[in-house]
Amino acid sequence: MSTLLITDIGSLVTNDPAHGTGPLGLLQDAAVVVEAGRITWVGSAASAPAADERYDAGGRALLPGFVDSHAHLVFAGDRTAEFNARMSGQSYSAGGIRTTVAATRAASDEELDANLVRFLDEALRQGTTTVECKSGYGLTVADEARALRIAASHTPETTYLGAHVVAPEYAEDPAGYVDLVTGEMLDACAPHARWVDVFCEQGAFDGDQARAVLKAGQERGLIPRVHANQLSYGPGVQLAVELGAASADHCTHLTDADVAALAGSDTVATLLPGAEFSTRAKYPDARRLLDAGATVALSTDCNPGSSFTSSMAFCIAVAVREMGMSPDEAVHAATVGGARALRRSDVGGVTVGARADLQLLEAPSHVHLAYRPGVPLTAAVWRAGVRMA
Ligand SMILES: [Zn+2]
């Protein structure tokens, strides 16, 4: 098996404080050796071992690939008109998620797969090497199962979100829909999913319904994660912590008790600033969560309705500008934070034994991700040691 030496790295983010300075474990003038898809050596370029191949980073910054732990990428159609109306100040009540559900149900497997591949490639070209992918635009037994089957052929991080909203056919019988989600639909979806998720929100599922969905998933071996406290205060965060969820996602409206619960738990607070950006809503307060000691992740929430971006760099820039995060904290949240939200230790860091998921920036420092918003800085991407972009 051949070895690859990436050397003359001006600034290396390892996310291992044992390797360098600060929580990012920053190393200057660094080198990395990759073999069989894994990192086998990290250290000073001056003491790097010989390798079969050599890549000269030219003094630029190398980081772990981004870990996008929250995305909705199995869908068809788009919602340009809805976004345009919203941004033009018109009230827009019709359509919404049901527009995407109708288009997704009408699409062929091949169309859904091609759409997903297009977004995964788009993310990869921007430095994202791990992507979580939810169902939730089918809302029938067959359509949810096929969404997860298609997602599972591209990522192990698949999430059953039959409880995204109540399916239109059950508008008058939400309890019947929860029975379906916790019964026949779960049976069809569990073999293709690692996680179970629920949109716990006014207008979606209340605390008791959300608990039923998550517990049913747990009984089938799925691990909970929760769309929590996005649009209003509510029980989502407390429920996530109580059930040992890997992540509570959105966390925009938090009481002091919610913040304390997250800080005292292993549940990661996943913040999704693309959603607030795209709906002109109030941003979550990352500073408050970090100061309390909670683990924070940043993700795109990429979806056609409320956050149609696949750019983790964009999320970092917004988190720094609007949410009280330092550039170091935002980069940490977009890499190892996402890995923790997915309970992964093999991605999100540049350490010996980790998967060689790496991104080189056309910049001397990771800080440029926030300092140069909107500029495409990705110069090269490796996934499991293979050059992808
Ligand atoms: Zn979401």
Side-chain angles (χ1 to χ4, degrees), residues 66-75 78-79 82-83 96-101 104 115-116 119-120 123 128 130-139 144 147-148 151 155 157-166 181 189 193-205 210 213-214 217 222-232 234 236-237 239-240 245-254 267-279 281 283-284 296-312 314-315 318-319 333-334 337-338 341-342:
F66 292 130
V67 179
D68 190 348
S69 60
H70 185 137
H72 306 249
L73 300 178
V74 185
F75 66 88
D78 81 15
R79 281 152 66 186
E82 178 186 329
F83 177 80
I97 190 173
R98 287 180 187 182
T99 310
T100 301
V101 170
T104 302
N115 218 23
L116 172 59
F119 291 118
L120 293 175
T128 302
T130 302
V131 181
E132 182 263 12
C133 192
K134 302 176 195 297
S135 68
Y137 292 119
L139 309 186
E144 286 295 297
L148 287 164
T155 176
E157 306 301 344
T158 53
T159 301
Y160 169 46
L161 183 59
H164 197 183
V165 291
V166 172
V181 167
C189 290
R194 180 173 183 219
W195 308 97
V196 58
D197 196 347
V198 58
F199 188 15
C200 183
E201 187 65 59
Q202 291 170 23
F205 299 91
V213 168
L214 297 172
L222 307 183
I223 312 166
R225 39 201 325 110
V226 185
H227 280 72
N229 303 55
Q230 176 187 3
L231 305 174
S232 58
V237 162
L239 183 62
S247 171
D249 299 46
H250 286 289
C251 293
T252 309
H253 293 83
L254 300 184
T267 300
V268 173
T270 300
L271 310 182
L272 308 163
E276 283 80 23
F277 179 92
S278 301
T279 56
Y283 289 102
V296 171
L298 279 174
S299 295
T300 63
D301 193 19
C302 188
N303 78 84
S306 60
S307 182
F308 204 8
T309 181
S310 56
S311 171
M312 292 291 282
F314 166 77
C315 295
V318 174
L342 294 174

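One-based numbering, in listed order, for ligands and for the atoms of each. Just so it is clear, the values below take in all heavy atoms, side chains as well, and ignore hydrogens, waters and symmetry mates.
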Problem set entry | Spatial distance of atom NE2 (H250) from atom OG (S299) [nearest 0.5 Å] | 10.0 Å
Exercise. Could you give the distance from CZ (R225) to CZ (R194), rounded to the nearest 0.5 Å?
Worked result: 8.0 Å
For this session: Can you label the angle between the H72 ring and the H164 ring as parallel, tilted or perpendicular, going by 30° and 60°?
Result: parallel
Problem set entry | Crowding at CZ, F314 (>12 non-hydrogen neighbours, <6.0 Å) | yes
Exercise. Under 2.8 Å from the Zn ion (ligand 1), which protein atoms of type N, O or S occur, listed by chain and number?
Worked result: H70 NE2, H72 NE2, H227 NE2, D301 OD1
Problem set entry | Qualifying residue for side-chain hydrogen bond (donor to acceptor under 3.5 Å, both in side chains) with D301, from H70, Q230, K134, H227 | H70
Problem set entry | Residues that A147 engages under side-chain contact (heavy atoms from CB on, under 4.5 Å), provided they are two or more places apart | V74, S135
